[in-house]
Amino acid sequence: MVYRRFLCIKDAVACINDKVDLIAVILSISLPQTTRGTDYVCKLKIIDESHPEIPVHVFAQEIDHLPFVAAVGDIIHLSRVVMRIYEGDVYAIFNKRFSSFALYDGKDVENFQPYQVLLRYEARKHDAMIIAGLRKWLASSHVIDEPNFSLLKEINEVGLVNLVCKVLHICKTTDDKWMAFIWDGTDVPPISIYKKPEDEEHNPLPLHFKPLPSSGDVLHTFPTVGTILRLIFDVECMPYILQLLKVRQWFKLFCVECKVHEGLCNYDCRSLGNLDRMPSWSFPWPSKITGHM
């Protein structure tokens with residue numbers, strides 16, 4: 001098997017069954033899955049200015065050895081990946097025994113230090129020049145389609161939405177699922193709950209979040225303005241997700257499924273004489289408190 005040091009994607013797709021080095025922009029990444037054996041696999045799509053996107057299948061024995069991509073548009077240096085072809089489609093295979101990678105910020109024009117590396121990775125002198133060229137190309141191109149994001153106050157029906165929000169707290173629910181409390185400084189619109197009085201005896205409306213964070217100290221850190229939304233993780237490989245999510249940091253969440261769960265609005269408990277404590281779903285701007293949280 002021939003090892004070719006560095007190739008652009010255009011040249012790499014012609015090197016079937018060879019080991020190659022690639023430096024490219026990440027277009028997408030899947031959540032990890034377990035293989036039929038004991039390994040983990042995730043799938044990337046990468047692109048450079050020489051060629052349309054190609055898939056990369058990354059295999060690892062430990063979930064911590066998979067790439068933890070901070071954002072679409074970041075740059076990955078793949079070393080010793082093997083080019084394969086299946087039914088006419090070319091892709092790259094990351095072999096857990098000899099391949100390695102490094103991840104770089106796709107926008108920071110001055111930082112050339114990777115934010116994640118695999119132990120076998122070895123940097124080269126001219127890597128910085130290639131990364132700088134990719135950043136320049138990425139900034140002037142439109143290969144990354146930025147989706148539309150919604151504020152919490154704009155969620156007016158069930159369905160899939162993209163959110164930019166802050167993670168306030170992460171905990172487990174009573175049925176052993178992971179849950180995050182998220183917030184963006186705005187209030188979701190009030191909902192109408194239609195309930196027959198006779199149903200209250202057997203199925204009463206919930207009067208509070210369930211479960212609440214176990215520590216009162218955690219509750220005291222929650223903002224006093226804006227809806228705090230509960231996000232239930234219905235996915236596998238939670239250790240991978242938990243390493244990506246950091247409490248008190250802002251994140252972009254894609255394709256979040258919103259459902260109406262019976263609840264109550266507590267707007268009356270706020271000081272209506274204070275504009276910053278009034279429900280903000282009717283205002284065209286988020287609360288200025290987001291600038292201080």
Side-chain angles (χ1 to χ4, degrees), residues 27-29 31 69-74 105-107 142 144-171 173 177-194 205-213 218-235 241-242 244-293:
L27 286 181
S28 67
I29 182 169
L31 288 175
V69 179
V72 170
D74 281 355
D105 191 302
K107 296 181 179 179
H142 300 283
I144 304 296
D145 293 327
E146 187 74 11
N148 294 323
F149 290 91
S150 301
L151 295 170
L152 293 185
K153 70 171 188 175
E154 297 169 333
I155 301 176
N156 52 19
E157 58 184 16
V158 297
L160 299 179
V161 296
N162 301 319
L163 302 173
V164 177
C165 56
K166 188 173 187 177
V167 176
L168 301 177
H169 183 65
I170 301 173
C171 63
T173 65
K177 289 187 176 181
W178 284 96
M179 178 177 69
F181 293 82
I182 61 175
W183 169 88
D184 72 357
T186 66
D187 277 301
V188 296
I191 60 173
S192 298
I193 300 174
Y194 300 97
L205 287 170
L207 298 179
H208 58 77
F209 285 126
K210 183 181 180 180
L212 285 168
V218 173
L219 287 174
H220 293 159
T221 66
F222 283 7
T224 57
V225 174
T227 296
I228 297 173
L229 200 66
R230 291 172 292 173
L231 178 65
I232 304 294
F233 294 98
D234 189 17
V235 295
I241 299 293
L242 293 174
L244 291 175
L245 288 178
K246 304 297 181 184
V247 174
R248 307 200 68 78
Q249 289 189 12
W250 289 82
F251 290 91
K252 293 179 179 179
L253 302 175
F254 299 90
C255 297
V256 178
E257 183 179 8
C258 294
K259 296 180 179 180
V260 174
H261 184 71
E262 294 174 338
L264 298 177
C265 302
N266 61 350
Y267 297 148
D268 292 340
C269 297
R270 299 181 181 179
S271 173
L272 297 183
N274 187 336
L275 182 63
D276 288 336
R277 290 182 177 266
M278 292 180 65
S280 57
W281 58 267
S282 61
F283 290 90
W285 59 85
S287 169
K288 62 185 180 182
I289 196 174
T290 56
H292 303 287
M293 294 296 294

Closest approach of Cys165 and Leu253, non-hydrogen atoms and distance?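 Minimum heavy-atom separation between Cys165 and Leu253: SG-CD1, 3.5 Å.
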
On a heavy-atom basis, the closest approach of Lys166 and Arg248 is CE-O, 3.4 Å

Tell me whether [X] contacts the main-chain N or O of [Y] through its side chain, where contact means a donor paired with an acceptor under 3.5 Å.
X      : Y      : value
Trp183 : Val225 : yes
Asp74  : Val69  : no
Gln249 : Lys246 : no
Ser150 : Leu163 : no
Asn162 : Cys255 : yes

Do Leu152 and Leu229 pass the side-chain contact (heavy atoms from CB on, under 4.5 Å) test, and can you show the C-alpha distance, the side-chain angles, and the key distance before you say yes or no?
-> CA-CA 8 Å; Leu152 293 185; Leu229 200 66; 3.9 Å; yes

[X] side, atom [atom1]; [Y] side, atom [atom2] - distance, nearest 0.5 Å:
X      : Y      : atom1 : atom2 : answer
Phe181 : Leu231 : CZ    : CG    : 10.5 Å
His169 : Phe222 : NE2   : CZ    : 6.0 Å
Ile232 : Glu257 : CD1   : CD    : 12.0 Å

- Task: For Asp105, enumerate each residue passing the side-chain hydrogen bond (donor to acceptor under 3.5 Å, both in side chains) test, keeping only those at least two apart in sequence or located in another chain.
- Result: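 Result, side-chain hydrogen bond (donor to acceptor under 3.5 Å, both in side chains) vs Asp105: none returned.
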
| Partners meeting side-chain hydrogen bond (donor to acceptor under 3.5 Å, both in side chains) with Lys177 (sequence neighbours left out) |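 Listed in chain order: nothing, the list is empty.
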
*Could you give me the CA-CA distance, side-chain angles and deciding distance for Leu27 and Ile144, then say whether side-chain contact (heavy atoms from CB on, under 4.5 Å) is met?*
CA-CA 7 Å; Leu27 286 181; Ile144 304 296; 3.4 Å; yes

*asked:* If you define the side chain from C-beta out and look only at heavy atoms, does anything of Val164 sit under 4.5 Å from Phe251?
replied: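 The answer is no, as the side chains (C-beta and beyond) never meet within the 4.5 Å cut-off.
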
Working note: Leu168 + Thr221, criterion side-chain contact (heavy atoms from CB on, under 4.5 Å); need CA distance, chi angles, decisive distance, verdict. CA-CA 8 Å; Leu168 301 177; Thr221 66; over 6 Å; no

Residues at least two apart in sequence or cross-chain that pass ring pair (Phe, Tyr, Trp, His ring centres under 6.0 Å) with Phe233, listed by chain then number, are none

Test side-chain contact (heavy atoms from CB on, under 4.5 Å) applied to Leu245 and Ile170, step by step: CA-CA 9 Å; Leu245 288 178; Ile170 301 173; 4.0 Å; yes

